[in-house]
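Throughout, numbering of the chain's residues begins at 1 and tracks the sequence. Predicted model, so just to flag it, every value in this text is computed and none were measured.
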Amino acid sequence: MEQQEVITLLSSRELEKMRRVGRLAAELLDYLEPLVQPGVSTQALNDAAEEWTQARGAVSAPLGYKGSVIDFPRSICTSVNEVICHGIPSPDQILRDGDIINIDVTPILDGYHGDTSRTFFVGTPSPLARKLVEVTEEAMWRGIRAVKPGARIGDIGAAIQDYAEAHGFSVVRDFVGHGVHRIFHTAPQIPHYGTAGKGKKLRKGMVFTIEPMINVGTYEAEILADGWTALTADRKLSAQFEHTVAVTDDGVEVLTLAEAKVRA
Ligand code: MF3
Ligand code: CO
Ligand code: CO
């Protein structure tokens, strides 16, 4: 992914635009959640998302997003079971009871991107799938709670990695969180593993995602010939949650919440 060197600090006017699109992104996931049922295709979820997004005057950033083999051909990412991220919705992919599916959405509104994802259960999960998804969500929150001015990027990854590995899971290395504002993927990179006290200092006005991908087995990933679909090398389960966050005066604001709420 393209990376600039300089980390942009957003003005309060820009942050207000990030809040608006972040809220929209969260509401899109809220809208999609009840559609996640056995028998539904990932294409149907994609089409519902595209229609909802257009009806709100927004644009789906993933659609046509530049790739190395092909540009991303759909409006959302749907990553089922052993797919780590960047799963491509398809009419041939029908959800089954016991699956887990990460839905990752990124609407653009007034030029700004809101990037968020959650992993949902299709019907009833296995005990292992439930544990993986719960640990992954809590790992994300631990990463978010490490964010404040003066903290370092390594503090985020360390908090996530410590928690995930304490539960016997592994942290994906090949995909990281990223700066996001007018640009979809930019500086800084936010690894979901690392060492507390290391890395660049966080400053008020920085905006980036925290999006840990946590695996039951190896953290190693493989990419399919489509250039997008990333799956676990051992084909065991992977889960992910993602929020877009801003560094505030004294902590962190989560921008991708349906009800705008500040978490610290
Ligand atoms: N939303 C994904 C992320 O969290 C990126 C998807 S790029 C796409 O960074 F082209 F696959 F949509
Ligand atoms: Co995303
Ligand atoms: Co992201």
Side-chain angles (χ1 to χ4, degrees), residues 22 25-46 48-49 62 74-90 93-106 114-144 160-161 163-165 167-177 190 192-193 209-219 221 228-232 234-245 254 256-258:
E27 287 165 4
L28 173 52
L29 288 180
D30 288 347
Y31 163 70
L32 293 173
E33 180 167 17
L35 306 182
V36 174
Q37 297 290 342
V40 167
S41 72
T42 51
Q43 183 72 48
L45 299 173
N46 176 85
R74 298 287 185 274
S75 302
I76 61 173
C77 298
T78 51
S79 301
V80 176
N81 296 338
E82 70 277 11
V83 177
I84 295 171
C85 63
H86 301 165
I88 301 174
S90 160
Q93 185 178 39
I94 309 295
L95 298 179
R96 296 187 307 178
D97 185 58
D99 285 344
I100 60 172
I101 177 174
N102 176 275
I103 303 182
D104 193 336
V105 302
T106 310
D115 189 2
T116 185
S117 83
R118 299 176 204 150
T119 299
F120 301 109
F121 300 124
V122 181
T124 310
S126 70
L128 178 62
R130 183 184 292 281
K131 182 184 162 196
L132 175 68
V133 170
E134 287 175 359
V135 166
T136 303
E137 183 168 20
E138 174 61 19
M140 175 194 67
W141 283 113
R142 287 182 180 229
I144 290 172
I160 292 167
Q161 183 176 18
Y163 186 74
E165 291 183 355
H167 286 83
F169 298 138
S170 69
V171 178
V172 170
R173 309 297 205 256
D174 290 358
F175 302 93
V176 296
I190 309 288
H192 305 107
Y193 56 93
T209 69
I210 297 178
E211 50 177 304
M213 288 140 276
I214 306 296
N215 296 352
V216 162
T218 181
Y219 60 71
W228 284 107
T229 312
L231 60 175
T232 56
D234 57 12
R235 305 299 189 262
K236 293 184 180 175
L237 289 179
S238 182
Q240 181 178 25
F241 284 81
E242 174 176 28
H243 274 306
T244 299
V245 307
V254 180
T256 40
L257 291 174

Q: Is there a side chain to side chain contact (heavy atoms under 4.5 Å, CB included) between V245 and T209? Walk through the geometry before answering.
A: CA-CA 6 Å; V245 307; T209 69; over 6 Å; no
Q: Of all heavy-atom pairs between A221 and D174, which one has the smallest distance, and what is that distance?
A: CB-OD2, 3.9 Å
Q: Would you please classify the geometry between the W141 ring and the H243 ring as parallel, tilted or perpendicular, with 30° and 60° separating the classes?
A: tilted
Q: Mind checking what makes ring pair (Phe, Tyr, Trp, His ring centres under 6.0 Å) contact with H192, not counting sequence neighbours?
A: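 Residues passing ring pair (Phe, Tyr, Trp, His ring centres under 6.0 Å) with H192: none at all.
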Q: The criterion is side-chain hydrogen bond (donor to acceptor under 3.5 Å, both in side chains); which residues satisfy it with Q43, sequence neighbours excluded?
A: D47, R74
Q: Applying side chain to side chain contact (heavy atoms under 4.5 Å, CB included) between V80 and each of D99, L231, V122, report the one that passes.
A: D99
Q: In chain order, what residues pass the ring pair (Phe, Tyr, Trp, His ring centres under 6.0 Å) check against F120, with sequence neighbours excluded?
A: none
Q: Please list, one pair per line, the donor and acceptor atoms closer than 3.5 Å that link side chains of residues 123-131 to other protein atoms, with sequence neighbours excluded.
A:
| from | atom 1 | to | atom 2 | distance (Å) |
| --- | --- | --- | --- | --- |
| S126 | OG | A129 | N | 3.0 |
| K131 | NZ | H167 | O | 3.2 |

Q: In Å, rounded to the nearest 0.5 Å, how long is the span from CH2 of W228 to NE2 of H86?
A: 6.0 Å
Q: Ignoring hydrogens, what is the shortest heavy-atom contact between S41 and S90? Give both atom names and the distance.
A: CB-O, 3.9 Å
Q: Using only atom types and a distance under 3.5 Å, with no angle test, would you say the side chain of T244 pairs donor to acceptor with the backbone of T256?
A: no
Q: For a quick test of reading the model, state the closest non-hydrogen atom pair linking F121 to I100 and the distance between them.
A: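 In terms of heavy atoms, the two residues are closest at CD2-CG2, 3.8 Å.
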Q: Where do I88 and T78 come nearest, in terms of heavy atoms and distance?
A: C-OG1, 3.9 Å
Q: Donor-acceptor pairs are to be reported for all side-chain atoms of residues 30-40 against protein atoms at under 3.5 Å, with residues two or more places apart or in another chain.
A:
| from | atom 1 | to | atom 2 | distance (Å) |
| --- | --- | --- | --- | --- |
| D30 | OD1 | R118 | NH1 | 2.9 |
| D30 | OD1 | R118 | NH2 | 3.1 |
| Q37 | NE2 | P34 | O | 3.2 |

Q: For the OG1 atom of T136 and the CG atom of N102, what is their distance to the nearest 0.5 Å?
A: 10.0 Å
Q: Strictly distance-based, threshold 3.5 Å: is any side-chain N or O of D234 a donor or acceptor partner for the main-chain N or O of T218?
A: yes
Q: What's the separation between atom OH in Y219 and atom CZ in F175, rounded to the nearest 0.5 Å?
A: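 Taking OH in Y219 and CZ in F175, the distance rounds to 14.0 Å.
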Q: Could you measure the distance from the SG atom of C85 to the CD atom of E211? Nearest 0.5 Å is fine.
A: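 Nearest 0.5 Å value for the SG-CD distance: 8.0 Å.
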Q: Provide the closest heavy-atom pair for A26 versus A258 in the form atom of the first, atom of the second, distance.
A: CB-N, 3.3 Å
Q: Donor-acceptor pair, distance only, cut-off 3.5 Å: does the side chain of D115 make one with the backbone of T106?
A: no
Q: Name the one of L237, T119, V172, V171 that satisfies side chain to side chain contact (heavy atoms under 4.5 Å, CB included) with I214?
A: V171
Q: Could you measure the distance from the CD atom of E82 to the OG atom of S238? Nearest 0.5 Å is fine.
A: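 Reported to 0.5 Å precision, the distance equals 9.5 Å.
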Q: Looking at every heavy atom in both I76 and A49, which two are closest together, and how far apart are they?
A: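 Closest approach of I76 to A49, heavy atoms only: CG2-CB, 3.6 Å.
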Q: So does R173 have more than 12 non-hydrogen atoms from other groups sitting under 6.0 Å from CZ?
A: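 Buried by this count: over 12 neighbours within 6.0 Å.
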Q: Could you measure the distance from the CD1 atom of I101 to the CG atom of L95? Nearest 0.5 Å is fine.
A: 4.5 Å
Q: Could you list the residues that satisfy side-chain hydrogen bond (donor to acceptor under 3.5 Å, both in side chains) with E242, not counting sequence neighbours?
A: none
